[in-house]
Amino acid sequence: MEKLSRIIRRLEDFVSFTALSVLVLSVLWGVMTRYVTERPAVWTTELSGILFTWVVFIGAMTALRDGRHIRVTLLIDILPTSVRAWVLRIGDLIVFAFLAYVAYLSIVMMGKGASRPSPVLDIPFSYVYLATAICFVGMSITSLLRLLGISEQPESNQAEEVL
């Protein structure tokens, strides 16, 4: 299980690094062609939007795995320990149900996007929507593994890293 987790983390890192690198190069190329040459590259705007979607959703999946999403625990922290454990378990169940439902919807949306090409690059929108499907399926699996006790919850009392 640990080896699979490392492989998935490396794959996430590779996809997000590649998407972010190509996104930056695309934006730079778009700026250069717009202000330096007389023929702006119109495809850079569309490619940047697609890659930004990938970076955001893969980042969201990574943030859930690492326990980096924002949460307010004021009310949960004042509960007795036994009640707190049940409230957290119910919260985890609600989060899993939500993520599983959104994963289903994103897969449906991806299927509908297969017949619709992007205006400039002429690629199916299902490639854009694939990022949401991967993200929510991955988040659902992470949430389910935590709910079943197979994977541990990251420490929530850690101090934030100083930039």
Side-chain angles (χ1 to χ4, degrees), residues 1-31 40-73 76 87-156 158 160-161 163:
M1 188 65 154
E2 189 67 33
K3 186 176 181 178
L4 179 62
S5 178
R6 272 183 290 166
I7 291 170
I8 291 172
R9 180 179 278 278
R10 284 186 184 145
L11 186 60
E12 284 176 12
D13 290 344
F14 175 75
V15 169
S16 58
F17 174 77
T18 303
L20 187 60
S21 298
V22 175
L23 169 67
V24 168
L25 292 173
S26 172
V27 169
L28 288 174
W29 183 256
V31 168
V42 293
W43 57 268
T44 59
T45 305
E46 187 173 300
L47 181 62
S48 299
I50 292 169
L51 292 173
F52 187 70
T53 303
W54 275 86
V55 169
V56 166
F57 280 102
I58 298 298
M61 185 171 62
T62 303
L64 178 75
R65 186 194 58 233
D66 294 344
R68 296 290 188 171
H69 281 287
I70 296 172
R71 58 184 175 173
V72 179
T73 60
I76 293 172
V87 169
L88 288 172
R89 181 65 71 179
I90 291 169
D92 289 343
L93 184 61
I94 291 169
V95 167
F96 168 70
F98 172 78
L99 291 172
Y101 181 63
V102 176
Y104 165 75
L105 292 177
S106 64
I107 291 168
V108 169
M109 183 176 68
M110 191 178 84
K112 290 181 179 182
S115 61
R116 190 175 133 224
S118 65
V120 177
L121 296 174
D122 199 35
I123 60 171
F125 265 99
S126 58
Y127 291 136
V128 180
Y129 300 147
L130 178 63
T132 60
I134 289 172
C135 167
F136 287 112
V137 167
M139 291 171 88
S140 298
I141 292 169
T142 299
S143 181
L144 180 64
L145 292 175
R146 287 184 184 153
L147 193 61
L148 296 175
I150 296 171
S151 175
E152 60 189 40
Q153 190 83 303
E155 277 295 317
S156 61
Q158 290 177 311
E160 286 294 316
E161 296 175 10
L163 296 176

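Because the structure is predicted, anything quoted here is derived from the model rather than measured.
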Find the distance between CD1 (Ile8) and CG (Leu11) and round it off to the nearest 0.5 Å. 8.0 Å
Side chain to side chain contact (heavy atoms under 4.5 Å, CB included) for Tyr127 and Ile50? Distances and angles first, verdict last. CA-CA 9 Å; Tyr127 291 136; Ile50 292 169; over 6 Å; no
Looking at every non-hydrogen atom in both residues, tell me the closest pair between Ala60 and Met139 and how far apart they are. O-CE, 3.9 Å
Could you work out, with side-chain contact (heavy atoms from CB on, under 4.5 Å) as the rule, every residue matching Leu148, not counting sequence neighbours? Leu144, Ile150
Just distance, no hydrogens or angles: give the donor-acceptor pairs under 3.5 Å from side chains in residues 87-109, sequence neighbours left out.
{"from": "Arg89", "atom 1": "NH1", "to": "Leu147", "atom 2": "O", "distance (Å)": "2.5"}
{"from": "Ser106", "atom 1": "OG", "to": "Val102", "atom 2": "O", "distance (Å)": "3.3"}
{"from": "Ser106", "atom 1": "OG", "to": "Ala103", "atom 2": "O", "distance (Å)": "2.8"}

Test: salt bridge (charged side-chain N to carboxylate O under 4.0 Å, His left out). Region: residues 7-26. Which pairs qualify, not counting sequence neighbours? Arg9-Asp66, Glu12-Arg65
Walk me through whether Val120 and Thr45 qualify under side chain to side chain contact (heavy atoms under 4.5 Å, CB included). CA-CA 9 Å; Val120 177; Thr45 305; over 6 Å; no
Residues that Pro117 engages under side-chain contact (heavy atoms from CB on, under 4.5 Å), provided they are two or more places apart: Asp122
Donor-acceptor contacts, no H, no angles, side chain residues 18-30, under 3.5 Å, sequence neighbours left out:
{"from": "Thr18", "atom 1": "OG1", "to": "Phe14", "atom 2": "O", "distance (Å)": "2.7"}
{"from": "Ser21", "atom 1": "OG", "to": "Phe17", "atom 2": "O", "distance (Å)": "2.8"}
{"from": "Ser26", "atom 1": "OG", "to": "Thr44", "atom 2": "O", "distance (Å)": "3.2"}
{"from": "Ser26", "atom 1": "OG", "to": "Ser48", "atom 2": "OG", "distance (Å)": "3.2"}

Please output the side-chain donor-acceptor pairs of residues 130-138 that fall under 3.5 Å, not counting sequence neighbours, one pair per line with the distance.
{"from": "Thr132", "atom 1": "OG1", "to": "Tyr129", "atom 2": "O", "distance (Å)": "2.6"}

